[in-house]
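These notes concern the structure reproduced below.
Note on naming: letters A, B, ... go to the chains in the order of the sequence lines (proteins, then strands), and numbering restarts at 1 for each one.
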Amino acid sequence: MIEIPPFLPFLIGAVLFPFLKWRRLREGLLLLIPLLVLWQLPQFPHGSFWKVRFLEYELTLLQVDKLSLVFGYIFSIMAFIGFLYGLHVRRAGEQMAALLYVGSSLGVTFAGDLFTLFLFWELMAASSVFLIWYRGDRKALWAGFRYILFHVFGGCALLAGIVLHYLQVGSLQVGPLPHHGVASSLILLGFLVNAAVPPLHPWLPDAYPEGTITGSVFLTAYTTKSAVYILARTFAGMELLMWAGAVMALYGVIFAMMEDDLRRLLAYHIVSQVGYMVCGVGIGGAMGVNGAVAHAFCHILYKALLFMGAGAVIYVTGRRTFSQLANISLWRAMPLTLILYLIGGFSISGVPLFNGFVSKSMIIAASVLKEEPLVEILLVLASVGTFYSTTLKLPYLTWFGRGKKKVRVGEPRLNMLLGMGVAALLCILLGVWPKPLYDALPFPVHYKPYTPDHIVGTMGLLLGTVIAFRILLPEIRPHQTITLDFDWFYRKLGRGLLVLSSAHFTEWERRVQERISSWVVSLSAASENPFSFFLPRQKAEEMRTHLRRNLLSLGPLFGLLFLFFYTLFFLWLS
Amino acid sequence: MKRALVVLLYLSFASVLFLDLFFPNHHAYFLWHRIPGYEGLLGLGGCAGMIYLTHLLGEKLLHRREDYYD
């Protein structure tokens, strides 16, 4: 059997897509490609394939082991769910961007060398930005620009790090990197940008809520999780990551709790959940890395489900913030969406029998085993905040608005419900029966999530949160605001700097420009008619005005000047 | 109906705290793992604390009008 690199079907699909004219064929292609990849993945033998010589380097396009396979599985499952949810989208460009985005993330996952990795890394940023831009409004346009600039910055750091690393070590192999020196720091910086570790995270809550309803579902899954994958492969067991992840988990939750926009709230929870994974990678060892990978797997499913639910509300009502939704009551109109959303909510909160319970607890257990009490407390607190804000507050403010106003909306389209249904089913399935997931993890698992003390403890934690929510219910109101975050530094301070510099520099620049252009004009006037110097003042001025309008005469002038100096040069040489 | 739900909530919380006495943490590594019902108290206190903290943080420091960046 020939191993087809998993990114290839997606890239070919993206190229073919616009040429397919029949709607059914297009839809079939979108659903078939992920299934094809998913069917092929379990048959891959471990090892390196598709070695290509490029210049003097050997690139490995396909490197398979357990760690890359488990990410390959979830990335292709997620592609199926995402395309099912977005099956009704008619814009070929948007679907192509999604295909390229998924394909390039799979390329990152199976890359055997750092150059291939970098190539797909950049393709990932360049294709995903279109999922934001296709929303088509001004906010999306600017958010997209900020998104791509941030990723270009990360990409540059990564490339610089890779080049330095190659010069030092002489190898491009993707593998554990000892952290010392500039090279590995730059590589780490590139990875941390995509993992959205504060203060490098503002691109995520800035851009994800501005994407298209279907595009954002893809965005939630790939960029951050491929960063978690590569961190697990290269920097596992690095203590810095453990602390960064633990702080990040709580940081995301705190900011989510202040948010008014549905999808921005959920985007901050991505920061928080990726914090758990980064922390797990930082703790390292079999338990830490297993936990991080398992959590990435489960997270992709429930976070997509949450984004699909919030997206469905926006799709149906056209409203995107709690304050806009406050005066309508949706639960009668969209009960199915509510139930499916709540399944995602229970999963992210780690309620027993849902998939978050079997993965998140692994990371917390790893922190306990490593005897880091502070890390454990931070992670458990983040878990409390997550349950409060995604599963209690968001549904309460979204579906149970106070208003008596009749709304003529219903459930979203069938394919959207089906996409959510598949994700919900998998969330429950893995929660009830985690064995297939545990078997796929990179290290053997000796962990049992369902012990009586663990279940009782978790239920206590969750019920305590519900009671706090119930007591403080009068305090929980939508507030029509935005929240400042680290993006303030480039959105406000940066703009201030620009104004400050332009106010002074533009004036100076204008003067220089004026002086030079007046020289040019008089020179060109002289070249057109050398006697213009001797013409009456009025006449010469007329001629210059004419020249200013018709700068074509500059061409012959420069031509003549060039020939003149060229001849001088030639004479001097000979 | 609504009252019944609230009563049920408090009852189940109490029963979980009670059950916690019989299922102490297997791996009580840190001091607080030995406190009976520690998770329930953390959920209650932690959630309330975070709600107050975020309200304060938002009102005093971080919330701005929606057109702040325009």
In Å, rounded to the nearest 0.5 Å, how long is the span from [atom1] of [X] to [atom2] of [Y]?
X	Y	atom1	atom2	answer
A/R491	B/Y68	CZ	OH	10.0 Å
B/I51	A/E475	CD1	CD	8.5 Å
A/D453	B/L19	CG	CG	12.0 Å
A/L461	B/L42	CG	CG	6.0 Å
A/Q480	B/R65	CD	CZ	10.5 Å
B/Y10	A/L463	OH	CG	11.5 Å

Given A/D260, A/D485, A/V380, A/I377, the one with more heavy-atom pairs under 4.5 angstrom with chain B than any other is A/I377

Under a 4.5 Å heavy-atom cutoff, which of A/K393, A/R138, A/E372 has the most pairs with chain B?
A/E372

Show the nearest heavy-atom pair for residues [X] and [Y], with the distance to one decimal.
X	Y	result
A/V456	B/F23	CG2-CD1, 3.9 Å
B/E66	A/I482	CA-CG2, 4.1 Å
A/T465	B/C47	CG2-SG, 3.6 Å

Go through B/L17, B/L61, B/V6 and name the one with the most non-hydrogen pairs under 4.5 angstrom from chain A.
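If we count pairs closer than 4.5 Å to chain A, B/V6 comes out on top.
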
Counting only heavy atoms closer than 4.5 Å, note whether [X] contacts chain A via side chain, backbone, both or neither.
X	answer
B/Y38	side chain
B/D67	neither
B/L57	both

Side chain, backbone, both or neither of [X] within contact of chain B (heavy atoms, under 4.5 Å):
X	answer
A/W488	both
A/F387	neither
A/R495	side chain
A/H454	neither
A/L250	side chain
A/E259	neither
A/I467	both

Would you check if [X] and [Y] make a side-chain contact, meaning some heavy-atom pair closer than 4.5 Å?
X	Y	value
B/F13	A/L462	no
B/M50	A/Y388	no
B/R64	A/L484	yes

Can you tell me if B/Y52 has over 12 outside heavy atoms packed within less than 6.0 Å of its OH?
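Result for OH/B/Y52: open.
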
Residue A/W243 excluded, over 12 heavy atoms near CH2 under 6.0 Å:
yes

Main-chain N/O of A/M258 paired with B/H63 side-chain donor or acceptor, under 3.5 Å
yes

